[in-house]
There are 2 protein chains.
Amino acid sequence: MTNASTAMARKTNSKRGIRESNELLILEAAEQVFAESGFKGATTDAIARQAGVPKANLHYYFSTKEILYNRVMEDVCSHWLAAAQSFDKTDDPSTALRGYISAKMEQARKRPYGSRVWAMEVLRGAPAINSYLHTVLKPWYEERTKKLNGWIEAGKMDPVDPQALFFMIWATTQHYADFAHQISVLNEDNNLSDTQYARATEQVCQIILKGVGLKQQS
Amino acid sequence: MTNASTAMARKTNSKRGIRESNELLILEAAEQVFAESGFKGATTDAIARQAGVPKANLHYYFSTKEILYNRVMEDVCSHWLAAAQSFDKTDDPSTALRGYISAKMEQARKRPYGSRVWAMEVLRGAPAINSYLHTVLKPWYEERTKKLNGWIEAGKMDPVDPQALFFMIWATTQHYADFAHQISVLNEDNNLSDTQYARATEQVCQIILKGVGLKQQS
DNA sequence: GTCTATACGTTGATAGAC
DNA sequence: GTCTATCAACGTATAGAC
């Protein structure tokens, strides 16, 4: 009985271990392929090849391409939320904006495929994340808009439209992931080095902070 | 002979007229469908339906999907160039940047599909416009970088990295076309009105100009 | 859990009547 | 120049042996 249940547990764990590791492998490959070709353009065959598993195996773990895509979008959305939280670590506008911009830039650097999948999804009209946009992004955006307006009323920064500011931050930071190929062409066909990327992050912070009337700090 | 050549000319003109108008119809539909689904995801059938012509007819005018796509990209690139020219209408940095940003914003408003096709193309690694990026975009970018550095050395604006500035302008202005769906979700599910869009343009100019140490003007 | 073989729909492209 | 019918290639998904 003990042996049996131990064996069963081991087997179950083993199964879960295999399942989890294979799902991870496939999800990672899917994020990349979906980022390159979009939902329609991506093929389960290409994803399977990228993951190094037979196509039938992919369908064993994710019965349909749409289910796999939705799982990828869930991951991407959860990472967006993680970066978004860095906005709330302080009540000082300069520190908050600088921290948020830096977090977004770091994310664009470390998870470029996630950013691109998001871009692809929005470009096609965001059918898969429509509810997420309404129930998560919009409330987040409205709360932070209030916060910004509070700072503006307190005279801590220029009376800018929070909407324009957020769009500028999102667009600019995500540009470094989404348009990486174009950027490399303008950089002698090399991706930005760590040094160049750190400098870019600093420049983005500087221009935006000064642009909304905030002193450099933090 | 006169009659014959007149008849032939008329027939030729007629043919050309039909060809041009049908090609235009198909190109317009193609720009839209490619913008929504990317090169791989778009189907010639969907494009033909969008254009209101039989699929076989589309293939009569554009023998392959790739040729059609390249024609669409040519159009998109030529429009990019047109907006880029507004940068050179003056030697005053404030006026030049404001004019360029406004032109890009107007283009994002009037030709959103063009912007999205460009974005889709760069997202997949820009195989179709690779040579264009090297022979047109890069030289343009390097020339204007020199111009900006000249202004900086002359003390007319802050010593910002021209690269970061251009990326910010491109990213932000194109965001209004590429992420229009997301923007509408944050705007009570309505597209930005003309008034809102004018305000957004003004805000983008204001933040960026101030951000690089330029006085408002023009 | 793995993988080969395959069913079955879709897509790009063409043939050939009008 | 237009359009129906068609085909080969490719795509998703599954069956069934291991």
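Convention: sequence-line order gives letters A, B, ...; per-chain numbering from 1.
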Working for ring-ring contact (aromatic ring centres under 6.0 Å, His included), residues B:W140 and B:W80: CA-CA 11 Å; B:W140 184 93; B:W80 178 85; 5.5 Å; yes
Step-by-step salt bridge (charged side-chain N to carboxylate O under 4.0 Å, His left out) determination, A:R116 to A:E121: CA-CA 8 Å; A:R116 289 175 206 160; A:E121 173 64 13; over 6 Å; no
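Rounded to whole angstrom, the span from the NZ atom of A:K55 across to the C1' atom of C:dC8 amounts to 12 Å. Atoms NZ (B:K40) and C1' (C:dT10) sit 17 Å apart, rounded to a whole Å. Atom CG of A:L58 and atom P of D:dA13 are 9 Å apart (whole Å). The OH-C1' distance, from A:Y60 to C:dT2, rounds to 9 Å in whole Å. When the C1' atom of D:dG11 is taken as reference, atom CZ of A:F34 falls 13 Å away, rounded to whole Å. If you measure from atom CZ of A:R49 to atom P of D:dG11, you get 8 Å, rounded to the nearest angstrom. A:N57 has its CG atom 15 Å from the P atom of D:dA13, to the nearest Å. D:dC7 atom C1' lies 16 Å from atom CG of B:D45, rounded to whole Å.
By the 30° and 60° cut-offs, the orientation of the rings of B:F167 relative to B:Y141 is parallel.
In this structure, A:A48 reaches neither bases nor backbone, as no heavy-atom distance under 4.0 Å exists between it and the strands shown. Among the atoms of the strands shown, only primed sugar atoms or phosphate atoms (P, OP1, OP2) are found under 4.0 Å from some heavy atom of A:A42.
With hydrogens and angles disregarded, a donor-acceptor distance shorter than 3.5 Å links the side chain of B:K65 to the backbone of B:A42.
Contact annotation: B:T44 side-chain N/O to C:dG12 OP1/OP2 distance is under 4.0 Å. Between A:H59 and D:dA13 there is a side-chain polar atom (N or O) within less than 4.0 angstrom of OP1 or OP2.
Counting heavy atoms from C-beta outward, B:Q182 and A:W170 have side chains that approach closer than 4.5 Å.
When each of C:dA15, D:dT2, C:dT11 is scored by its nearest atom to the side-chain atoms of B:N22, the top-ranked nucleotide is D:dT2. Considering only side-chain atoms of A:Y61, the nucleotide from C:dG1, D:dT4, D:dT2 that sits closest is C:dG1. Checking D:dT14, C:dT4, C:dA13 against the side-chain heavy atoms of A:P54 singles out C:dT4 as nearest. In this structure, of D:dG1, C:dA13, D:dT12, it is D:dT12 that holds the atom nearest to the side chain of A:T43. The side chain of B:I18 sits closest to D:dG1 out of D:dA15, D:dG1, C:dT2.
Donor-acceptor pairing under 3.5 Å, judged by distance alone, is absent between the side chain of A:K65 and the base of D:dG11.
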